[in-house]
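What follows is a set of notes on a single structure, which appears directly below.
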Amino acid sequence: MKLMITGGAGFIGGNFVRRMLRQHPDYTVVNLDKLTYAGNLESLQDLEGNPGYRFLRGDICDREKVEECMSQGVEAVVHFAAESHVDRSIVDAQAFVQTNVLGTQVLLDAARRNRIRRFVHVSTDEVYGSLGPTGYFTEETPLAPNSPYAASKAGSDLLVRSYFHTHRLPVVITRCSNNYGPFQFPEKLIPLLITNAKEGKPLPVYGDGSNVRDWIHVEDHCAAIDTVLHQGREGAVYNIGGRCEKPNLEIVRLILRLMDKPETLITFVKDRPGHDHRYAIDCSLVEKELGWSNAIPFQEGLRKTVEWYLQNEAWVAQVKSGDYQGYYRKMYEERDRTFTRL
Ligand code: NAD
Ligand code: TYD
């Protein structure tokens, strides 16, 4: 299969590119990524020279670039590219609407033109809004996004849905809970806590730390997307979750314990505006219909994630400094000009 992955230089997309080449060595993967602050080719260095893999730097809002990429005989698209951080969407939502909504529509049009056989849209449980102390999000829960990030993802989900109903484009939507694992940009909770704790810096906890998230290891999420790509029903939505609900303060304490650091590093800070209280996913549909289930227990996944961040100091330093962006941009501007067809 010739597979196009958008946002493959980011956290989940990068882990997915690597999984595809490992699990399906006969596949060809082309990775289209704009390399925003969140895209890092350093994370995919081990794939350099792999004959089944190509990188193309480009914006999913750029019709010509998308066409150039998709018209090379691509059969399936897995769409990860997005602005993904809630806090940034509160400061400025423009890029979120641009990439998440408009970019998705550009991809959908190109997918129609190129008769793509499968379009997997990677979305989030945040489109459902917030839960009280009980209950779960199912695939039938009405969309009620609360942050500009979640609203832009909900907008993209609805566009994807409409292309199935109107144009019979063979789409599938996944909605996953909070991911953790290697190569996550250290502005998100778990890598931020690990990298701050390592440097003895304060660990910022929003509000009173009672907000609950459902955590899933990125490799389990990627395995679920792999399953949906190959076996998912056209037009369906599948919730994906870790069956692992934890209040933020518990996560902070677990990480401090794993790193043998004092709880005095915990610093309660002003709450995030509109902070969703609780996310909890009912993922029984993907489990029963497609036979996927989680394989990585949270304690083990978290321990390995802490170890990974401690062992990959150079990656963290580079991502935090932002140096890699200029460096790779230059290198890939040159390479883009000589990009060869798959
Ligand atoms: P990320 O921020 O780590 O990576 C996003 C990637 O998209 C980056 O490589 C970036 O360069 C690229 N990108 C951004 N704008 C682009 C554009 N206009 N054109 C091309 N590339 C562009 O994000 P992530 O955490 O890996 O999330 C990937 C997807 O999964 C997103 O769609 C997100 O909504 C969804 N998701 C994430 C989580 C999570 O916990 N991280 C959970 C559920 C769903
Ligand atoms: P985050 O990783 O930003 O994911 P999301 O907002 O998409 O769930 O945040 C996870 C939880 O951690 C969320 O409840 C906000 C909280 N949080 C903090 O308490 N401190 C922080 O510095 C960050 C980044 C998040």
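First listed ligand is number 1; within each ligand, the first listed atom is number 1. Quick caveat, the model's predicted, so the values are computed rather than measured.
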- Query: Would a distance-only check, ignoring hydrogens and angles, find a side-chain to backbone donor-acceptor pair under 3.5 Å from S130 to D276?
  - Reply: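 Between the backbone of D276 and the side chain of S130 there is no qualifying donor-acceptor contact (under 3.5 Å).
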- Query: Is the side chain of N239 donor-acceptor paired with the backbone N or O of F137 at a distance under 3.5 Å, no angle test?
  - Reply: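 Yes: the side chain of N239 pairs with the backbone of F137.
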Numbering the atoms of ligand 2 from 1, which are under 4.0 Å from a heavy atom of [X]?
X	value
P204	18 (C), 19 (O), 20 (N), 21 (C), 22 (O)
V205	19 (O)
H85	3 (O)
E126	5 (P), 7 (O), 8 (O)
R213	8 (O), 13 (C), 14 (O)
V86	6 (O), 7 (O)

- Item | F80 ring center within less than 6.0 Å of F16 ring center | yes
- Taking the six-membered ring for Trp, is the centroid-to-centroid distance between F119 and Y163 below 6.0 Å?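 Aromatic pair excluded; centres sit 6.0 Å or further apart.
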Minimum distance, heavy atoms only, to [atom]: which one of [options] is it?
atom	options	answer
atom 4 (O) of ligand 1	G10, S43, A95	G10
atom 15 (N) of ligand 1	T99, T104, I60, D59	T99
atom 35 (C) of ligand 1	V122, T36, V66	V122

- Task: Run the numbers for me: atoms of ligand 1, each under 4.0 Å from some heavy atom of G58, listed by number.
- Result: 19 (N), 20 (C)
For [atom], what is the nearest protein heavy atom, given as residue, atom name and distance?
atom	answer
atom 23 (O) of ligand 1	S84 OG, 3.3 Å
atom 5 (C) of ligand 1	A82 O, 3.5 Å
atom 27 (O) of ligand 1	I12 CD1, 3.8 Å
atom 28 (C) of ligand 1	F80 O, 3.5 Å
atom 42 (C) of ligand 1	S177 O, 3.3 Å
atom 25 (O) of ligand 1	F11 CD2, 3.7 Å
atom 13 (C) of ligand 2	H275 NE2, 3.5 Å

Taking N or O atoms only and a 3.5 Å limit, does [X] qualify as a polar contact for ligand 1?
X	answer
H79	no
K153	yes
D33	yes

- Message: Please enumerate all residues that pass side-chain hydrogen bond (donor to acceptor under 3.5 Å, both in side chains) together with Q23, with sequence neighbours excluded.
- Response: none
- How far does CZ of R175 sit from CG of D157, to the nearest 0.5 angstrom?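 CG of D157 is found 4.5 Å from CZ of R175.
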- Item | From D125 atom CG to I281 atom CD1, the distance as rounded to the nearest 0.5 Å | 4.5 Å
So, regarding [X] and ligand 2 (criterion: nitrogen or oxygen to nitrogen or oxygen, under 3.5 Å), is there a contact or not?
X	result
Y206	yes
N178	yes
L192	no
E187	no

Answer with side chain, backbone, both or neither: which part of [X] has a heavy atom less than 4.0 angstrom from an atom of ligand 1?
X	result
L35	backbone
R175	neither
Y149	side chain
S123	backbone

- Note on the structure: For A82 and K153, the nearest pair of non-hydrogen atoms, with its separation, is CB-NZ, 4.1 Å
- Query: Hey, mind stepping through F268 and Y206 against ring pair (Phe, Tyr, Trp, His ring centres under 6.0 Å) and telling me if it holds?
  - Reply: CA-CA 6 Å; F268 292 95; Y206 296 165; over 10 Å; no
- Region of N248 engaging ligand 2 - heavy atom pairs below 4.0 Å: side chain
- Message: I want to check something: taking the side chain as every heavy atom from C-beta on, are S147 and V86 in contact at a cut-off of under 4.5 Å?
- Response: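 S147 reaches V86 side chain to side chain.
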- Item | Summary of ring pair (Phe, Tyr, Trp, His ring centres under 6.0 Å) pairs that have at least one residue in residues 218-252, sequence neighbours excluded |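 Listed once each, the pairs are H24-H230, Y27-H230.
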